[in-house]
Every structure is written in structure tokens, then in C-alpha cells.
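Predicted model only: the values in this text are computed from it and were never measured. Chain identifiers are assigned alphabetically (A, B, ...) following the order of the sequence lines, protein sequences preceding nucleic acid strands; residue numbering begins at 1 within each chain.
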Amino acid sequence: MKMTRIEAPDFDLAKTLDSGQVFHWEPRGSGFAGMIESQPVYAEQRGDRLFVSNGAASRARRYFALDHPLREICAMFPHDPAMSAAREYCSGLRLIRQPVWECLATFITSSMKQVAQIRQMSRALRERFGTRHILGDFELFSFPSASRLAEVSEKQLRACALGYRAKNLLATARRVNSGEADLDSWCTLPDAQLRARLCGLPGVGAKVANCVMLFGYERLRAFPIDVWIERVLRERYFTRKRKVTPEKLRAFCDTYFGEHGGYAQQYLFHHARKTAMRTRKVRPQL
DNA sequence: CTCCAGGGATGAT
DNA sequence: ATCATCCATGGA
């Protein structure tokens with residue numbers, strides 16, 4: 001396969017794709033294969049260089065946010081023990097610029113699911129309702145558009161293991177398809193209004209809205225609070241304090257972590273999740 | 001087997 | 001305004 005070389009300092013492709021922000025990239029050869037918008041892409045990292053299949057360089061640079069000043073962003077994180085450990089563990093992790101609909105739909109399916117299951121649902125939706133592409137020896141499927149999903153049945157979505165999420169995804173797809181929810185035009189809204197619009201969609205609450213703002217709309221201040229982050233906050237920032245209400249957590253996150261709070265959040269999330277997985281493997285009991 | 005997962009909507013206090 | 005419950009599914 002013909003490849004194009006991209007300079008990619010301060011970037012870790014594998015870590016970025018394994019950090020729970022995007023769910024469809026799969027290991028192939030010595031790299032990864034996935035879709036960027038409607039283009040099939042193979043990407044492989046060698047040191048500070050990223051090699052991508054021909055014709056994908058421009059999209060890849062933007063998708064992987066290689067223009068984010070990562071060193072400066074990390075330097076602006078708060079300096080506390082939890083944050084420092086996460087910063088060191090997650091070096092090279094970047095926040096991807098995802099297509100908004102794909103991001104929204106995927107995170108509607110994410111509620112009360114593990115990352116491995118979100119990947120399975122994403123794959124099922126793509127294979128059944130997306131468009132098939134061939135790239136060398138690889139077969140890839142685009143994420144189905146809102147108009148495509150708007151015409152399938154709830155039963156078909158449940159067959160993708162969506163469970164109770166099927167109804168929400170279908171209802172949101174129909175609102176987007178009808179134009180009642182114009183995701184593209186929302187990119188000019190200030191954070192609070194964008195969040196309010198997103199939360200008006202079926203299956204979208206504060207957590208999913210913040211994920212879509214962060215991963216889809218590039219609102220780097222958005223700070224999703226899920227079960228992992230809440231655990232980190234209670235254990236590392238609110239140690240031995242009673243009456244830590246959701247509002248207190250929210251207020252703390254929105255002020256303490258600053259301008260790039262979403263980056264800080266992703267680093268804390270990835271660090272917590274990966275270290276927990278490791279200790280479970282090493283110590284099965286207890 | 002039990003417990004839990006990148007939660008949200010709804011109805012009861 | 002908080003709080004409890006239910007919602008499907010499968011990994012660990």
C-alpha cells in the first residue's frame with residue numbers, strides 16, 4: 001500500500017485510539033485501519049512520524065489534531081499528584097476531531113456499556129447500515145448517516161445489541177434528518193447554548209453532551225463526568241469528604257481544570273481506566 | 001453466580 | 001430540587 005509520511009511529534013497513535021474517545025479503529029498489520037469521514041484510512045506510527053495511506057494526509061492531520069499545541073496544553077494542567085501521574089502516563093494522547101453525527105450517535109449508545117461493547121455496537125451499526133469500502137486488503141465501513149438510521153426500525157437497531165438505547169438513537173436520528181436538530185449550524189453557539197441544544201435530544205444528558213462537545217465540536221473545556229471520573233474525583237480530590245453532591249463536582253471541574261479541562265479529563269480517565277485494568281489482571285481476587 | 005459498565009428518563013418524596 | 005428505579009446486554 002502506498003503511504004504518505006506526516007511529521008507527528010508529541011503523538012501516540014495507539015494510545016489515542018485506545019483512550020475511549022473513538023471506537024471503530026482496529027489493529028491491522030503494524031498499524032490501524034479506520035474511517036475518517038467517508039474515507040478509509042490505514043495509519044502506522046514509527047517514532048515521530050505517522051504514515052497514512054495515500055490521499056489521507058490532510059484529513060489525518062486534522063482528525064488526529066496534530067496542530068494542537070500538546071506540550072503547552074499539558075503544561076497548563078493543574079499541578080497536583082493525580083494530574084501529574086496522568087500527564088506522564090498519557091504522553092502523546094490527543095483529542096481527535098470526530099465527525100459530529102458519528103460522535104453523537106456513538107455516545108448515545110455508550111450509556112451503561114463498557115468500551116469493548118461500545119466497539120461492538122459501533123461495528124454492528126457500520127456493517128449493517130454503513131457504506132462498504134475497500135482499502136488494499138482491508139474492508140471498512142463508514143458510520144451510517146442520520147438519514148440512513150432514520151429509516152431503519154427500532155428492532156433492527158436492537159439487533160445491534162443496543163437494548164433500550166435503540167429508541168433514543170432512532171429518535172435522535174430522525175430529528176437530525178428532519179433538520180429539527182441542525183448539528184452543523186450549532187457549531188457557532190457558545191458552550192452553554194450548545195450543551196442545552198444537545199441535552200434536548202433523546203438519550204443525551206450532561207455526560208453525553210459534554211463528550212460530543214469535546215470530541216465533536218472541539219470544545220476543549222467540556223468536562224464529561226462518568227463513573228470513572230467521579231471515582232477519581234472522590235478518591236483524589238475530595239478525599240474523605242461527605243456530602244459531595246453532583247453540583248459540587250461539576251463546579252469543581254469547571255473551574256479547577258481550566259481552559260483545557262477536557263484534555264485533563266481525558267488524561268485522568270485513560271490513566272484511571274488502564275491502571276485499574278492492570279491491577280485487576282495482576283490480582284484477580286479481592 | 002454476582003457485580004458493573006464513558007447514563008438518561010421518569011416518577012416519587 | 002434531590003432521590004430511586006428501570007432500562008438491555010455482555011464483560012470480568
Which atoms of nucleotides 10-13 of chain B (N or O only) lie under 3.5 Å from a protein N or O atom, and what are those distances?
none

Which residue lies more 5' along DNA chain C, comparing M112(A) with A116(A) via nearest heavy atoms: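 Its nearest nucleotide lies further toward 5', so the answer is M112(A).
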Residues in side-chain hydrogen bond (donor to acceptor under 3.5 Å, both in side chains) contact with N210(A), at least two apart in sequence or another chain: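 Testing N210(A) for side-chain hydrogen bond (donor to acceptor under 3.5 Å, both in side chains), a comparison that skips the adjacent residues, returns R195(A).
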side-chain hydrogen bond (donor to acceptor under 3.5 Å, both in side chains) partners for Q193(A), two or more places apart: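 Checked Q193(A) against side-chain hydrogen bond (donor to acceptor under 3.5 Å, both in side chains); zero matches.
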Pairs satisfying ring pair (Phe, Tyr, Trp, His ring centres under 6.0 Å), at least one member in residues 178-226 of chain A, at least two apart: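 Checked against ring pair (Phe, Tyr, Trp, His ring centres under 6.0 Å) - neighbours excluded - the pairs reaching residues 178-226 of chain A are F107(A)-F215(A), F223(A)-F257(A).
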More than 12 heavy atoms from other groups under 6.0 Å of CD on E88(A):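 No, because the 6.0 Å sphere around CD of E88(A) holds 12 heavy atoms or fewer from other groups.
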Once you round it to whole Å, what is the distance between [atom2] of [N] and [atom1] of [X]?
X       : N       : atom1 : atom2 : result
N210(A) : dG8(B)  : CG    : C1'   : 14 Å
Q117(A) : dA12(C) : CD    : C1'   : 10 Å
L104(A) : dG7(B)  : CG    : P     : 16 Å
R250(A) : dT2(C)  : CZ    : P     : 15 Å
I108(A) : dT9(C)  : CD1   : P     : 18 Å
R119(A) : dA5(B)  : CZ    : C1'   : 16 Å
Q120(A) : dG10(C) : CD    : P     : 8 Å
I118(A) : dG11(C) : CD1   : C1'   : 12 Å

Can you name the residues that form a ring pair (Phe, Tyr, Trp, His ring centres under 6.0 Å) with [X], not counting sequence neighbours?
X       : answer
F77(A)  : Y267(A)
H260(A) : none
F138(A) : Y42(A)

With [atom1] as the reference atom in both, quote the distance from [N] to [M] in angstrom, rounded to an integer.
N       : M       : atom1 : answer
dC3(C)  : dG6(B)  : C1'   : 23 Å
dG11(C) : dC1(B)  : P     : 16 Å
dA8(C)  : dG11(B) : P     : 15 Å

Paired stretches of DNA chain C - 3 or more consecutive Watson-Crick or G-U pairs, each distance under 3.5 Å: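 Output for stems: B:2-5 with C:9-12, B:7-13 with C:1-7.
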Sub-4.0 Å heavy-atom contacts from residues 161-183 of chain A onto DNA chain B, ordered by number: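 Residues of residues 161-183 of chain A that come under 4.0 Å of DNA chain B are, in numerical order, Y164(A).
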Residues from residues 195-205 of chain A lying under 4.0 Å of DNA chain B - heavy atoms: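 Nucleic-acid contacts, sorted: L201(A), G203(A), V204(A), G205(A).
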[X] side chain to [Y] main-chain N or O, any donor-acceptor pair under 3.5 Å?
X       : Y       : result
E230(A) : I225(A) : no
E37(A)  : R59(A)  : no
R128(A) : A159(A) : yes
S122(A) : H24(A)  : no
Q156(A) : S153(A) : yes

Charged N-O contact under 4.0 Å between E235(A) and R231(A):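 No.
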Contacts of type side chain to side chain contact (heavy atoms under 4.5 Å, CB included), residue K241(A), not counting sequence neighbours: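 With neighbours one apart ignored, the set is F238(A), V244(A).
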Touch class at under 4.0 angstrom, heavy-atom based, for T109(A) against every strand present: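 Nothing, no nucleic acid heavy atom in range.
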Touch class at under 4.0 angstrom, heavy-atom based, for Q266(A) against every strand present: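 Q266(A): base contact, heavy atoms under 4.0 Å.
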Residue pairs passing the side-chain hydrogen bond (donor to acceptor under 3.5 Å, both in side chains) test where at least one lies in residues 133-144 of chain A, sequence neighbours excluded: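 Output for this query lists R132(A)-E139(A).
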Candidate nucleotides dG11(C), dG6(B), dA8(C), ranked by approach to the side chain of F269(A) - the nearest: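 My answer, after comparing the listed nucleotides, is dG6(B).
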Nucleotide nearest E247(A) (side chain, heavy atoms from C-beta), chosen from dT2(C), dG7(B), dG6(B):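 Closest nucleotide to the E247(A) side chain: dT2(C).
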dG6(B) base stacked by W228(A) (centroids within less than 5.5 Å, tilt under 30°):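 No, the aromatic ring of W228(A) does not stack with the base.
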